[in-house]
Amino acid sequence: MNNAEFRARIRKSLADTTLQSALDNNAERRVTRRINALESLPNWRNRRQQAHAVRAEVIEHLDEYLEQFVTHAESNGVTVHRAKDAAEAVKIVLEIAKSSPQKEKSFVSLGDLNPQNGGRGKQVLVAKSKSMVTEEINLNHALEKENIRVVETDLGEYIVQLRKERPSHIITPALHLRRQDVGQLFHEKLGIPYTEDIPTLTDTARKELREVFLTADIGISGANFAVAETGGICLVTNEGNGRMVTTLPPIHIALIGMERVVRDLNDLALMLSLLPRSATGQKISVYTQLVTRPLEGQQRHFILLDNGRSKLRNSPLKESLYCIRCGSCLNACPVFREIGGHAYKSIYGGPIGSVISAGLFGSEFVPLAQASSLCGACKDACPVDIDLPKLLVRVRSGESPSPSRAERSGSEVEAGRWARGEGGGLSRMGKTFLKIYSRVALHPRLFALSQKFASLATRLVSPRGSMFAIPAFTGWGYSKDLPRFAGKPFRERWKSRQVNTYTRELVIQDGTNARNNSSVASLPQSDTLV
Amino acid sequence: MHGHVHHTEDPTQSIIEFLRSRDIHHIHLEPNVLDESVLSKAGITFSHEPDPEIRVGVTKALCAVADIGSMLEADGEGSPLHASLLSEIHLAVLNTSDIYPSLENAIHLTRHTKSAVFITGPSATGDIESVHTIGVHGPGEVHAFLVDD
């Protein structure tokens, strides 16, 4: 995605009135809820620092903790797979799916309830609970290509899947929609009478998806945390679909980003005190699952996914791996709140997405880091205190790891440009201007001369008004006009001001009366009118 | 947390009364939680197998967490994981001695389970306009029957 495409997506989002009203409805409420929930936690600021330290320790010694996790998971009877990229992860899932026995019901009593079950033919049915990692590797698409039926069972994901879209937020996938949109969608796709009543819509999804849980051959989930000490994973959900897909189908597969590891149950408890509060403003989610061993008659698979994480870890963006995917930096970001998740194109939007997308998916996502005012709201909101503004600046200055994408396509040119890439995400014209500017700014005389020139130039561009528009070809200022450069640069005014101040001090020392004093003091003000 | 708590000295009797008030006569019951002969005499039939047609699931909570209002359920005989998931109403029997102050203490009880879950109120979602809506895939009602031991 180049700059122009990103800008086009931003413009489209800003012009989309449905999206704008959906974003406005959600944003403030979510921020307030998060703050209230955190304030209910004694010493949450200390916990935040503790959590930062815990994540730093794990990422520092990731190989060691992963090894522990794998050893314990395997001794628990779980089959553990390691996937170095998306393609490998997809291949592993497909292999498991192909070897899956066509469903004999694990519960005899359930079979009788599904007489239509026999009519499904040989198509494998996968019930999925929400997982950003599976979105990251585009798993659904790959499974559908192999004639496997995949059904998203989280309400938000289900809505998004019915609309043939992708999630617009890592916690609430349907953040970009209003209840009217969902009502219309369910009316068209599920044949219910149009309604805007949220409980009715929710109940419709419950009925539709119940059947899927009971007849699925495979359940696929993500994982919020992987506990090295026990070899189990932790899943944090509210609806109950996560529990269904991990306990009902005869095969459960969890896709786990390899940075999800925590050391032990104590660290997990610490993380659990921060994650739901930051994500949804809940003290704890409705269901906090610890999934460790396979149930009777069940196969359990854990797939640990790298997909660029090792590279991020060995780059100046390492801190981004501390992220626990709560989404609070998205909710806090003034840019995200205006443009929504889809504008970013990457499945990971907002501040954290703008840092990791380039590292995970390739240099085409570098421009995302420009969509930030570096105001720091993301850092303040982060429950593990990731210095996101610092990382965004690093992406801009070309410090991201070389993209796996360039490597895959063997494009040395792209990788090279990326590695050098200072000014990542800027247009060529923008970079040229910045280069010229940095030359000029380093030479005082040249700088003074350029000020005179700038004033003259803006007067020529805009002879009448006090504002001027930067010419479109520069790629800058397309959304706002700027004030004209002053005829007399600040340095010159400063000089004359110093003279005035000097005079004034003399006057005061001389004990001259207040009237004289104020008239002298007002001189610099009149100067500003020049 | 939108759950309900009933203090009781006799959980079997309290649950029978609850079921009568809802006109429910068949439940999914975890073994060794209630007095099954008393249930039968009261005309309540029960199954130890998961069955999505059954409206009420009765389990024993392994423990509860005071500061966040959660109860712990784990896999075991009679599928308590499903009794607390597939039914519309989940009734959990909880001993006061099994209440822990915080998650930091309680989480260690999960160590020897295959699959465990801290349940905090009824199934819920905020996926449409961030409006809190109760009762998605799991039970829409959760009741704890608290036995002072």
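Lettering of chains follows the sequences in order, A, B, ..., and the numbering in each one begins at 1.
Closest approach of G121(B) to V286(A), counting heavy atoms only: O-CG1, 3.5 Å. Between E129(B) and R29(A) the shortest heavy-atom distance is O-NH1, 2.8 Å.
Identified under the ring pair (Phe, Tyr, Trp, His ring centres under 6.0 Å) test for residues 109-137 of chain B, with sequence neighbours left out: F213(A)-H137(B), H2(B)-H132(B).
Applying the side chain to side chain donor-acceptor pair (under 3.5 Å) test to N25(A) and every residue at least two apart in sequence or in another chain returns nothing. Here K128(A) pairs with T134(A), N140(A), E152(A) under the side chain to side chain donor-acceptor pair (under 3.5 Å) rule; sequence neighbours left out.
The side-chain heavy atoms of D154(A) and D127(B), taken from C-beta on, include a pair separated by under 4.5 Å. Counting heavy atoms from C-beta outward, R210(A) and L86(B) have side chains that approach closer than 4.5 Å. Counting heavy atoms from C-beta outward, L155(A) and T133(B) have side chains that stay 4.5 Å or more apart. By the 4.5 Å heavy-atom criterion applied to side chains, T120(B) and K283(A) are not counted as neighbours. The closest side-chain heavy-atom distance from L214(A) to P52(B) is below 4.5 Å. Proximity of L290(A) to V117(B): side-chain heavy atoms (C-beta onward) are nowhere separated by under 4.5 Å.
If you take CG on L81(B) and CD on Q289(A), they are separated by 8.0 Å, rounding to the nearest 0.5 Å. The CD atom of E296(A) sits 9.0 Å away from atom OG of S79(B), with the distance rounded to the nearest 0.5 Å. Rounding to the nearest 0.5 angstrom, the gap separating the CG atom in L201(A) from the CD1 atom in I128(B) is 5.0 Å. One finds the OG1 atom of T110(B) at 5.0 Å from the CG atom of L265(A) (value rounded to the nearest 0.5 Å).
Not a single donor-acceptor pair under 3.5 Å links the side chain of E239(A) to the backbone N or O of T125(B). At distances below 3.5 Å, not a single donor-acceptor pair connects side-chain atoms of R243(A) with backbone N or O atoms of H82(B).
The closest side-chain donor-acceptor pair between R111(B) and T230(A), if any, does not fall under 3.5 angstrom.
Looking at P122(B), only its backbone comes within 4.5 Å of chain A, counting heavy atoms on both sides.
Most heavy-atom pairs under 4.5 Å with chain A, from the set L103(B), D75(B), L85(B), I107(B): that is L85(B). Interface summary for chain A: among S130(B), G3(B), G138(B), the most heavy-atom pairs under 4.5 angstrom belong to S130(B).
Within residues 59-73 of chain B, the residues having any heavy atom closer than 4.5 Å to a heavy atom of chain A are D67(B), I68(B), S70(B), listed by residue number.
For the side chain to side chain contact (heavy atoms under 4.5 Å, CB included) with S115(B), the lone residue among Q298(A), R293(A), R300(A) that qualifies is R300(A).
A salt bridge is defined here as a Lys NZ or Arg NE, NH1 or NH2 lying under 4.0 Å from an Asp or Glu carboxylate O, and E104(B) with R47(A) meets this definition.
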